[in-house]
Amino acid sequence: MSRAHQPPLVTGISPNEGTSWTKVTIRGENLGTGPADLVGLSICGHNCLLTGEWMSASKIVCHVGPAKDDKGEIIVSTKSGGHGTSTVSFKLLKAEKIGILDQSAVWGHTHTHTRMLHTHTQDTGKVPLKDLEAMFPGVSGDFTSENFSATWYLIENHSVTSFDQLRMAASNLKKQATRKNEGSLAYVKGGLSTFFEAQDALAAIHQRLESDGTEKVEGSMTQRLENVLNRASDTADTLFQEVLGRKDKADSTRNALNVLQRFKFLFNLPLNIERNTHKGDYDVVINDYEKAKSLFGNTEVPVFKKVYAEVETRIGALRSLLLDKLLETPSTLHDQKRYIRYLSDLHAPGDPAWQCIYAQHKWILGLMQNCKEEFINDQRGELQTHTQTLDLEGDPRPSALSRIRDTASLKRGCSLRTPRPSTWRYETPQQVQFVEKLSDVVIGQLPNFWKLWISYVNGSLFSETGEKSGQVEKSKKNARQRQNDFKKMIEEVTHRLVKLVRGALLPSTLTELELRLYGGWESKTELTGPWLTQVIHTVRIIFEALVALEIPNDLLQVIQDLLLELRHHCLLVTLHHTAGDVKRLAEKEDWVVDNEGITSLPAQFEQCMVQMLQSLKEPMETKPGEVNLDQAQDQASELCVDIMRVFVNCLEQLSNKTDGDIDTSHISVDLASPDPFSGLQEDFCATLEQRLLIILSNCQYLEKHTFLNMAEHFEKHGFTGTDKITQVSVHAVKELDESLFDAYIERKSDPIVGSLEPGIYAGYFDWRDCSTPTGVRNYLKEALVNIITVHAEVFTVSKELVPRVLTRIVDGVAEEMSRLMQCVSSFSMNGAIQVHHTRTHARQLRTSSHLQLRPGQDKAKQCDTNNNRVTWNKQAYSQ
C-alpha cells in the first residue's frame with residue numbers, strides 16, 4: 001500500500017449520535033482520492049464500507065450499522081494513506097418503536113441495505129479461525145487487506161447463508177457499485193420522473209391558489225398564509241425570547257464553567273507561579289511550566305493564547321530573578337548549581353553557567369584588591385584597628401587557612417599550633433596579616449570557582465530535562481570553546497595573588513606601574529626572618545590547596561616562582577639580621593668565667609646561630625614541585641663566613657677596649673677549685689690583661705668546640721660549603737688568638753725580661769771581680785716572683801693557658817739570660833760559679849713550666865701537681 005499521502009483523519013461526524021442505520025456525514029482530511037481509494041470504514045467497531053459513499057477528500061456519507069459498542073471512533077482506511085485516526089466519536093442509541101405519526105430518520109431506500117446486511121446478522125456457527133488459516137495459508141478474510149480471499153470471507157461470515165441470499169446480496173452490491181461509479185448524475189437520471197411529477201403538482205397547486213383569491217382585497221391565499229405564519233412566528237419569538245435568552249445565557253455560562261473547570265490548570269497557572277516563586281518552590285514552577293508548554297504552547301484558541309502569554313511573562317520575570325540570584329555574591333557552590341539548573345530548565349537565553357563563572361572571577365579579583373586596600377587604609381590610620389578582624393566578615397567559622405593548617409598538622413602527626421593571643425593582630429606586621437587574609441580569600445573562593453568550571457565542563461549542572469533537551473552537549477561544546485578564556489581567568493587570579501604579595505613583601509621586583517596598582521605600603525621596616533618564614537608557610541598552604549584541585553602546573557608556575565624568591569629573600573634577610581645580632585653580642589659580655597675559663601659569649605653565639613638555622617629550616621626545605629636553593633647556597637655560605645668574621649671582630653673589639661669603656665664587673669670563679677689563688681681573685685676587677693686571657697680562652701673554646709658544633713648544625717640543615725665556613729672561621733680565630741697572645745705576652749714578658757739586665761748589673765756588679773756566691777741573686781728572684789704572679793693570673797682565668805703562657809715567658813727570660821751571658825767577655829771563678837747557679841735554676845724554672853695542668857688529668861693528680869708547683873715556688877723564693 002502506498003504511503004505517499006497522509007493517513008486519513010476524521011474531525012467531525014453529523015449527527016454524532018443515533019440508532020442503527022442512521023445516515024451520517026463524515027468530515028475530515030485525506031479521506032481518499034476517489035471511491036476506489038476507499039478500502040475501509042468502521043463506526044463503533046462495525047464495518048460500514050458497504051453503505052459508505054465517497055463524496056470528496058473531506059466528506060463521506062454512510063449508514064451506521066448494528067454495532068456492539070455504544071460509543072466508538074470513526075476509522076477510515078484508504079489505499080493511499082493507510083489506516084486513519086479520529087478525533088471525534090459516535091454514540092449509538094438503542095432503537096425505539098416508531099408510531100404512525102412519529103418521525104423516522106431512516107430513508108425509504110434503506111430497506112435494500114437492511115435486507116442485504118441482515119444476512120450477516122443471521123450467521124451463526126462460524127468456522128474457527130485456526131481452521132481457516134490452515135485451509136487458506138497466506139491469505140486473509142479482511143477485504144481491506146491486499147491478500148483478501150473471497151472464499152475465506154464467505155466461509156467466515158456467511159457459512160449458513162443460502163445461495164439465493166448470496167446471489168441477491170451480490171446483485172445489490174453490483175447495483176451499489178454501479179451507482180457509485182455513475183455518481184450524482186445517475187441519481188438525477190433515476191429520479192427524473194419524480195422531479196417532473198413534483199413540478200406538475202406544484203404548478204397545479206399554484207394555479208389553484210391563483211384562481212382562488214386574486215380579486216380579494218386581503219390578497220391572495222398564499223399572501224395571507226404568509227402573513228399568518230409571520231405573525232405566528234413573531235408571537236412565538238415574543239413568548240419564548242426571554243426564555244430562550246436565559247437558556248442561551250445559561251448555556252454560555254455552563255460552557256464557560258466547563259472550560260474553566262476543564263482547563264483550570266492553565267487559568268490558575270499565573271497565580272501559582274507567583275505564589276510558588278515567593279515560597280522558593282522553583283521546581284514546582286518549572287514542572288508546571290513544562291506541562292503548560294507541552295499542552296498549550298502551540299494553541300490557536302485566543303483565550304488560551306492570552307493566558308499562556310501571561311504565563312510566559314511570569315516565567316520571564318522568574319528567569320530574571322534567578323539570574324540575579326545566580327550572579328549575587330557571595331553565594332555557595334550548591335546554590336550556584338541549583339540556580340543554573342533552574343535557568344536551564346526554563347530555557348533561559350544565553351549561557352547562565354558561564355555568566356556565573358565570569359561574575360565569580362570578577363568578584364574574587366575584587367575581594368583580593370579590597371583586602372589590600374583595607375590593610376593600607378588601616379595602616380594609614382583611616383580605620384580603627386581595634387574594630388577590624390582578620391577573618392572574613394560575617395563568618396563566625398574558622399578561616400580557611402586555619403582549617404587547612406589544623407588538618408595538615410594532624411596528617412603530619414604534629415601538634416596543633418599554639419592559639420594566638422588576643423594581641424596577635426597588633427604585634428604581627430601588617431604585611432603578614434595581609435598575606436594571611438589574602439590566603440583566606442583564595443583558599444575560600446578559588447576551589448569553588450574551579451569546581452564550578454569542572455561541573456560546567458562535564459555537564460553535571462543540568463537536570464534530566466536539560467539532558468533530554470540537549471543542554472549537556474551544548475554546555476560541553478561551549479566549555480571547549482571557552483577553555484582558553486577560563487585559563488586566562490585562573491592566570492589572572494594567580495598573577496593578582498603573586499603581585500599583591502610582591503607589592504607587600506618584594507616591592508623591588510615590580511615595575512613602577514605595578515607598584516601603583518599593587519603596592520602603596522608605607523612601612524619601610526623590613527620583615528625579619530621569622531615573619532618571612534610564616535609568609536612562606538602561608539603561600540605554601542595556598543599552593544598545596546590549588547595543587548589538590550588538580551589545577552595544571554603551568555597555571556601555578558608564578559606561585560612557585562614567588563616561593564623561590566621569598567625563600568631566597570628570607571635566607572638573605574635572616575643571615576643579615578643574624579650578623580647584626582652577633583655584632584651586638586659584644587654588648588652582652590659580662591666577663592663572668594666558668595670552670596673552663598670561658599664566658600657565656602661562645603654559648604650565646606652558638607645559640608644565635610642555631611636559632612638562625614632553625615628559623616631557616618622551612619625556607620631551606622624543598623617541597624614537592626619546588627626548586628632547590630642551589631643558586632643561593634654560595635651566597636649563603638659567604639654570608640655565614642661573614643657572620644663568623646663578625647663574631648671574631650667582636651672579640652677583637654672587646655680586646656681593644658680600655659678599662660673606661662667597659663662597665664665594672666666581677667670575675668666569678670669556682671670556689672671549690674683547689675687553686676690556692678681563687679680566693680684572692682673573688683672580688684677582683686677585670687683588667688685589660690685578664691680580658692685578654694678571657695678572650696684567648698674563648699678563642700680556644702671556639703676552635704675546639706663551637707665551630708665543630710656549628711659545622712654539624714650546618715650539615716644537618718642542608719647548608720653547602722660547611723668545610724669552607726669552618727676553615728675560614730678557624731683561621732680567623734687562630735689569627736686573633738695569635739695576635740691577642742702576642743699582645744698579652746708582650747705586656748707580661750717585656751717587663752720581666754727588661755728587668756734582667758738592670759738587675760744583673762745593679763751595684764756595679766762585675767763578672768770578673770765578684771764575691772763568692774751564696775745563692776741566686778735578687779734579680780732572678782724578682783723575675784721568678786713576677787713569673788709566679790703571671791702564673792697565678794693565667795691559672796685564675798684558664799688552666800689551659802698556663803703552659804702556653806709560662807713556656808713563652810720562661811723561654812723569653814732564658815733567651816734574654818743567654819744573650820746577656822754571651823755579652824760577657826770573661827768570668828772570674830766566682831762569676832763562673834754564679835753563672836752555673838743561675839743556669840741551674842733557670843733550667844729548673846723552665847722544667848717546672850712544663851709540669852702544669854694538662855687536659856684529661858684527674859682531680860687528685862691536679863691537686864698533686866698544684867701542690868708540687870707551689871712548694872717549688874716557695875723553695876725557690878726562700879733560696
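Nothing here was measured: the structure is a model prediction, and the numbers come from that model.
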Closest contact, heavy atoms only, [X] versus [Y]:
X: L438; Y: C371; result: N-SG, 4.0 Å
X: A292; Y: Y308; result: O-CE1, 3.9 Å
X: I643; Y: L575; result: CD1-O, 3.5 Å
X: L497; Y: V442; result: CD1-CG2, 4.0 Å
X: L616; Y: C570; result: CD2-O, 4.0 Å
X: L505; Y: H569; result: O-NE2, 4.4 Å

Tell me whether [X] contacts the main-chain N or O of [Y] through its side chain, where contact means a donor paired with an acceptor under 3.5 Å.
X: D281; Y: T277; value: no
X: R314; Y: I273; value: no
X: E491; Y: L555; value: no
X: T533; Y: S615; value: yes
X: K372; Y: L517; value: yes

Side chains of [X] and [Y]: does their closest heavy-atom pair fall under 4.5 Å?
X: M609; Y: M644; answer: yes
X: R540; Y: I536; answer: yes
X: K437; Y: M368; answer: no
X: V573; Y: L527; answer: no
X: L601; Y: L654; answer: yes
X: L327; Y: L323; answer: yes
X: L321; Y: Y282; answer: yes
X: E712; Y: L708; answer: no

Roughly how far apart are [X] [atom1] and [Y] [atom2], rounded to 0.5 Å?
X: K716; Y: Q614; atom1: NZ; atom2: CD; result: 8.0 Å
X: L702; Y: M710; atom1: CG; atom2: CE; result: 11.0 Å
X: L506; Y: T509; atom1: CG; atom2: OG1; result: 5.0 Å
X: S455; Y: I357; atom1: OG; atom2: CD1; result: 9.0 Å
X: T538; Y: Q433; atom1: OG1; atom2: CD; result: 11.5 Å

If you look only at distance, which donor and acceptor atoms sit under 3.5 Å apart when one is on a side chain in residues 724-731 and the other is two or more places apart or in another chain?
from	atom 1	to	atom 2	distance (Å)
K724	NZ	E638	OE2	2.5
T726	OG1	T722	O	2.9
S729	OG	I725	O	2.6
H731	NE2	E735	OE2	2.6

In terms of side-chain heavy atoms, does [X] have a donor or acceptor partner in [Y] at a distance below 3.5 Å?
X: Q369; Y: Y518; answer: no
X: Y342; Y: R319; answer: no
X: Q360; Y: Q445; answer: no

Item to check | Verdict with reasoning, T332 to D335, per side-chain hydrogen bond (donor to acceptor under 3.5 Å, both in side chains) | outcome: CA-CA 5 Å; T332 63; D335 289 339; 3.1 Å; yes
Next on the checklist: Run the side chain to side chain contact (heavy atoms under 4.5 Å, CB included) test on L446 and I490 for me, step by step, so that the C-alpha distance in whole Å, both residues' side-chain angles and the decisive distance to 0.1 Å come before the verdict.
Outcome noted: CA-CA 9 Å; L446 197 57; I490 296 295; 4.2 Å; yes
Item to check | With Q604 via side chain to side chain donor-acceptor pair (under 3.5 Å) - residues at least two apart | outcome: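 Q604: side chain to side chain donor-acceptor pair (under 3.5 Å) contacts with S600.
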Next on the checklist: Which label fits F605 and F707: parallel for a plane angle under 30°, tilted from 30 to 60°, or perpendicular past 60°?
Outcome noted: perpendicular
Got a list of side-chain donor-acceptor pairs under 3.5 Å for residues 580-587, not counting sequence neighbours?
from	atom 1	to	atom 2	distance (Å)
D581	OD1	R584	NH2	2.4

Next on the checklist: Checking Q336 against S331 for the side-chain hydrogen bond (donor to acceptor under 3.5 Å, both in side chains) test, could you report, in this order, the C-alpha distance in whole Å, the side-chain angles of both residues, the deciding distance, and whether it holds?
Outcome noted: CA-CA 7 Å; Q336 292 171 358; S331 61; 3.1 Å; yes
Item to check | Pair R341-D283, salt bridge (Lys or Arg N to Asp or Glu O under 4.0 Å): steps then yes or no | outcome: CA-CA 10 Å; R341 178 172 59 83; D283 290 313; 3.4 Å; yes
Checklist entry - What do you reckon, is CD of E550 surrounded by more than 12 foreign heavy atoms closer than 6.0 Å? => result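 No, the 6.0 Å shell around CD holds no more than 12 heavy atoms from other groups.
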Next on the checklist: Suppose the criterion is ring pair (Phe, Tyr, Trp, His ring centres under 6.0 Å): which pairs have a residue in residues 477-499, not counting sequence neighbours?
Outcome noted: F449-F486, W450-F486, W453-F486
Checklist entry - Got a sec, which pairs hit ring pair (Phe, Tyr, Trp, His ring centres under 6.0 Å) with one end in residues 350-371, sequence neighbours left out? => result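 Matches after skipping sequence neighbours: none remain.
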Item to check | Verdict with reasoning, V435 to V432, per side chain to side chain contact (heavy atoms under 4.5 Å, CB included) | outcome: CA-CA 5 Å; V435 176; V432 179; 5.9 Å; no
Checklist entry - Hey, mind stepping through H568 and E565 against side chain to side chain contact (heavy atoms under 4.5 Å, CB included) and telling me if it holds? => result CA-CA 5 Å; H568 186 198; E565 292 191 35; 5.6 Å; no
Next on the checklist: Which residues pass the side chain to side chain contact (heavy atoms under 4.5 Å, CB included) test with Q560, not counting sequence neighbours?
Outcome noted: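 If we apply the side chain to side chain contact (heavy atoms under 4.5 Å, CB included) test to Q560, skipping adjacent residues, the hits are F543, Q557.
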Checklist entry - Could R516 and E512 be called an ion pair, given the rule that one side-chain N must be under 4.0 Å from one carboxylate O? => result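 Looking at R516 and E512, the cut-off is met.
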Item to check | Derivation of the side chain to side chain contact (heavy atoms under 4.5 Å, CB included) call for L639 and T578 | outcome: CA-CA 10 Å; L639 291 175; T578 304; over 6 Å; no
Item to check | Y456 and R482: CA distance, side-chain angles, deciding distance, side-chain hydrogen bond (donor to acceptor under 3.5 Å, both in side chains) verdict | outcome: CA-CA 11 Å; Y456 179 63; R482 290 167 174 161; 3.3 Å; yes
